[in-house]
Asks: 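Structure in structure tokens, see below.
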Amino acid sequence: MPDLTAPKNNPFPSASLLGYPRIGRRRELKKAVEAYWAGKIDAAALDSAAKAIQLASAKRLQELGLTEAAAVPGTFSYYDQVLDTTAHLGAVPARFGKLLNAEGKLDIDGYFTLARGNKEQQPLEMTKWFDTNYHYLVPEIGPETAFTLASTAKVDEFAFALANGIETRPYIVGPVTYLLLSKASDGAPAGFAPLSRLEDILPVYVELLGKLAAAGAGWVQLDEPALVVDQDIPAADVEAAVARAYEVLTAAADRPQILVSTPYGALEGQLGTFAATNIDALHIDVFKGTVPSAAALAGLGNKTLVAGVVDGHNIWRNDLAASAAKLDELKAAAGKVAVSTSTSTQHVPHDVAEETQLSEQLRSWLAFSDQKAVEVKTLAAYLADPASAKAAIDEATAVIASRATAEGVRRADVRARTEALTAADFSRSEYAVREAAQEEALHLPPLPTTTIGSFPQTSEIRSARARNNKGELSDGQYEQLMKDEIKRVVSLQEELGYDVLVHGEPERNDMVQYFAENLDGFDVTVHGWVQSYGSRCTRPSILWGDVTRKAAITVKWAEYAQSLTSKPMKGMLTGPVTILAWSFVRDDQPLGETANQVGLALRDEIADLEAAGIKIIQVDEPALRELLPLRTGDQAGYLTWSVDSFRLATAGAADATQIHTHLCYSEFGVIIDAIDGLDADVTSIEAARSRMEVVHDLESHGFGRGVGPGVYDIHSPRVPGEQEVTGLLSTAVKHVPARQLWVNPDCGLKTRGYAETEESLRNLVRATQVVRAGLLETVK
Ligand SMILES: Nc1nc2c(c(=O)[nH]1)N[C@@H](CNc1ccc(C(=O)N[C@@H](CCC(=O)N[C@@H](CCC(=O)N[C@@H](CCC(=O)O)C(=O)O)C(=O)O)C(=O)O)cc1)CN2
Ligand SMILES: [Zn+2]
């Protein structure tokens, strides 16, 4: 048991993780939360499932050597860390009415209401967390938002772990990042900036710090990743906000020592801003970022520098020699140095040792969360006594060297093909030529209706796949079940009156993993689950070698689906950028090189789909925005290779073949030029949760090709009414020429149930009919 009477000015732990997965080694949290939503377990059972995960994770990290006080991060969350912060600040948008209970607290049901919406209210908007495939819930802050400490979950979690003998380090999003990630609430006056409410949220942070200190917390972690991004407000304003926020927080009468973490990139000039505050430790990302100058580091004075040298975002084994060299530099310039990860390891799975089906060679190249804990510990040992880490460092160096020459990592046939590419391989005919050819081939009505690709992945589909994987169902039986499903989905769309159909993607476990399983150069995991949002997880594939297509992947399914209908059936592929973004991608060559290899494999697939009679092919690129570098100076280079790889994939298509693309996120304006550069004939994008804000960007940009701003938010079980959809479409036709507009949901329907899906899709068609009739009126 820790000595509770010990003074609370412990040094920062020499080895720690910035954060840890919270979904559980076997997705226990996902299962418990979904069971709770379905009414199968009660709040007490959910609470005990959550506690079991917290304790198991804390114990595991201790076993791995993170035994110092505050080394285990208190990063548990039922749904999202930004939502947790919203709960602690009581920042419930007024549109939800009275969500706090009689004691002024947001209970678990109120919390989930913000995440999932209710009959009247859409949930908080969801958007990407920095350059990751994790999504957070966007706070809505206005001049009217009242802030009170409406949750003590972080205090309770801390006390629970402590009672079990483990002093954790509670985590919460820092005040500046919290407000920079917020959007102005609906009723806020034009130009209102959430950051203007800084003074008002600080007292709630102070109150929380007091409660954590009273519970015995020696350290707290305030996460400020927004500081590594170029904000669209002047840097001086950000600096002033940081200075003020930490002036107030560090002056709190009773508080734990404060670590500020700045993951996801280089802090650059803002390092000095933090150096000037009275915080006790500053974490910087020196994996993606660089080692700051000695002068900047010297400015930290007595603060501990927590060096994020081990990558928290990808799974390659750490180059311990390179990390040791960085630590030497840091130690020479800064007073106190501790070792950690660049980001929370919530982005990588628990444990490589679980993946016994992978070759020993591949496994030796990898480090998941648990391996990273050991790496951090090794590097901390190095700092204390370089000789003690020599064997581990030499081993890592040897293993990393073995990758360079391993079979499949560099293939002459693949390299010859990418080296022979010329400019012509990246361009199609003029859009006007294609438009005419497609019009003749397709004869679509105005405002054509379609869906984004997937239909609900029912438990029958998933269990059939699970049984096929276990060998309980033959490949033939599995294929027949998928075909039956496709038939059902096609006739449903015909019955609902859709113009362009999809096959529903039942045969895909995931839109990236499915392709990874069918391409050379990848391996997939069995237990490597990573949270994407809420209870939803993915198993990112491992892209370790040169990529080629073994054989046609999607053609037989598309051909079968097209044989069932006279309406056009969309072929459905995932684009190169998204395949890279949602895999653990090799780090030994530029991403653009890897993207072109994937682009060529897709190009071959498109040629085969065309040969099989498919006239419309959608190449999804929902991750285009996600990989956009956080610093503006790095963005142009990224946009060139990413757009090029998509063009390489699609430019072999005939003029009459209509290429669609799909993107799902709301900050569309940021990369509209890149989306235009993709040169797709039709682009569908998320728009429903942000209530069509995107059409203004389309209008001001003069976007000239087909576009389908989503009119049905598929990330929540809520059904959009016919009038609501009519309203959204009416807004759209005011800003975008009707001949360019398509009608579709925001995204695929795989996470939805059939009941709400059918009703919603029916409302989309009805609303389209109303708006089409209105268009005819205006023509008359
Ligand atoms: N990679 C990726 N990233 C993405 C998206 C995406 O679609 N893919 N969409 C955006 C939103 N993010 C999302 C992330 C995950 C899911 C999602 O639905 N995930 C599923 C898992 C999908 C999957 O891999 N399914 C497998 C495994 C399913 C499973 O859990 N099987 C059971 C067995 C079931 C049974 O026996 O009945 C098990 O393994 O325990 C399959 O269908 O084969 C989930 O969390 O539930 C949706 C959206 C952005 N990022
Ligand atoms: Zn989508």
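Computed over heavy atoms, backbone and side chain alike; hydrogens, waters and symmetry mates excluded. Atoms within a ligand are numbered from 1 in the order they appear, just like the ligands themselves. Counting begins at 1 with the first residue of the sequence. Keep in mind the model is a prediction, meaning the values are calculated, not measured.
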Asks: Decide if the gap between the ring center of H347 and the ring center of Y264 is smaller than 6.0 angstrom.
Replies: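 Yes: the rings meet the under 6.0 Å criterion.
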Asks: Answer yes or no: does an N/O atom from A466 fall short of 3.5 Å to an N/O atom of ligand 1?
Replies: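 For ligand 1, there is no N or O atom that lies under 3.5 Å from one belonging to A466.
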Asks: Within the 4.0 Å heavy-atom shell around M511, which atoms of ligand 1 are there?
Replies: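 Matching atoms, with element in brackets: 7 (O), 8 (N).
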Asks: Should you measure from each heavy atom of T751, which atoms of ligand 1 turn up under 4.0 Å away?
Replies: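 Those atoms are 18 (O), 47 (C).
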Asks: Looking at the rings of Y20 and H350, which for Trp means the six-membered one, are their centres under 6.0 Å apart?
Replies: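 Aromatic pair counts; centres sit under 6.0 Å.
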Asks: Within ligand 1, which atoms have a heavy atom of N133 less than 4.0 Å away?
Replies: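 In order of number, 2 (C), 3 (N), 4 (C), 49 (C), 50 (N).
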Asks: Flag S532 as yes when one of its N or O atoms lies below 3.5 Å from any N or O atom of ligand 1, and as no otherwise.
Replies: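 Yes; at least one N/O pair falls below 3.5 Å.
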Asks: Quick check on contacts: which atoms of ligand 1 are under 4.0 angstrom from a heavy atom of K750?
Replies: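 Matching atoms, with element in brackets: 6 (C), 7 (O).
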Asks: Can you tell which of P622, P540, S532 makes a side chain to side chain contact (heavy atoms under 4.5 Å, CB included) with W582?
Replies: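 For W582, the side chain to side chain contact (heavy atoms under 4.5 Å, CB included) check succeeds only for P622.
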Asks: What atoms in ligand 1 come closer than 4.0 Å to a heavy atom of R465?
Replies: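 Heavy-atom distances to R465 below 4.0 Å select 41 (C), 42 (O), 43 (O).
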Asks: Where do D311 and K288 land on the salt bridge (Lys or Arg N to Asp or Glu O under 4.0 Å) test, with the steps shown first?
Replies: CA-CA 8 Å; D311 188 8; K288 212 180 326 150; over 6 Å; no
Asks: For ligand 1, which is the ligand I care about here, please tell me if R462 has any N or O atom under 3.5 Å from one of the ligand's N or O atoms.
Replies: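 Yes, there is a polar N/O contact under 3.5 Å.
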Asks: Would the distance check show the side chain of E472 and the main-chain N or O of A466 forming a donor-acceptor pair, the cut-off being under 3.5 Å?
Replies: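 Checking the backbone N and O of A466 against the side chain of E472, no donor-acceptor pair under 3.5 Å is found.
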Asks: Any idea which atoms of ligand 1 are less than 4.0 Å away from a heavy-atom of R539?
Replies: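 Those atoms are 24 (O), 26 (C), 27 (C).
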Asks: Against ligand 1, does R508 come closer than 4.0 Å with any heavy atom?
Replies: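 Contact check R508 vs ligand 1: negative.
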Asks: Note the single closest protein heavy atom to atom 15 (C) of ligand 1, along with its residue, its atom name and the distance in Å.
Replies: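 The protein heavy atom lying closest is C537 O, 3.3 Å.
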Asks: Is it the case that over 12 heavy atoms from other parts of the model lie below 6.0 angstrom from the NZ atom of K615?
Replies: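 12 or below, so no.
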Asks: For ligand 1, which atoms have a heavy atom of T538 less than 4.0 angstrom away?
Replies: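 Checking each atom against T538, I get 1 (N), 2 (C), 3 (N), 14 (C), 15 (C).
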Asks: Is the closest N or O pair between H715 and ligand 1 shorter than 3.5 Å?
Replies: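 No: no nitrogen or oxygen of H715 is under 3.5 Å from one in ligand 1.
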Asks: I want to know if ligand 1 touches R536 in the polar sense, i.e. an N/O pair below 3.5 angstrom.
Replies: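 Yes, R536 has an N/O under 3.5 Å of an N/O on ligand 1.
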Asks: Looking at Q457, which atoms of ligand 1 are within less than 4.0 Å of one of its heavy atoms?
Replies: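 It comes down to these atoms of ligand 1: 42 (O).
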Asks: Is there a heavy atom of P622 sitting under 4.0 angstrom from any atom of ligand 1?
Replies: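 Contact absent.
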Asks: Going by distance only, is there an N or O of R27 that falls short of 3.5 Å from an N or O of ligand 1?
Replies: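 It does: an N or O of R27 is found under 3.5 Å from an N or O of ligand 1.
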Asks: Is any N or O atom of W582, backbone or side chain, closer than 3.5 Å to an N or O atom of ligand 1?
Replies: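 Min N/O separation from ligand 1 is not below 3.5 Å for W582.
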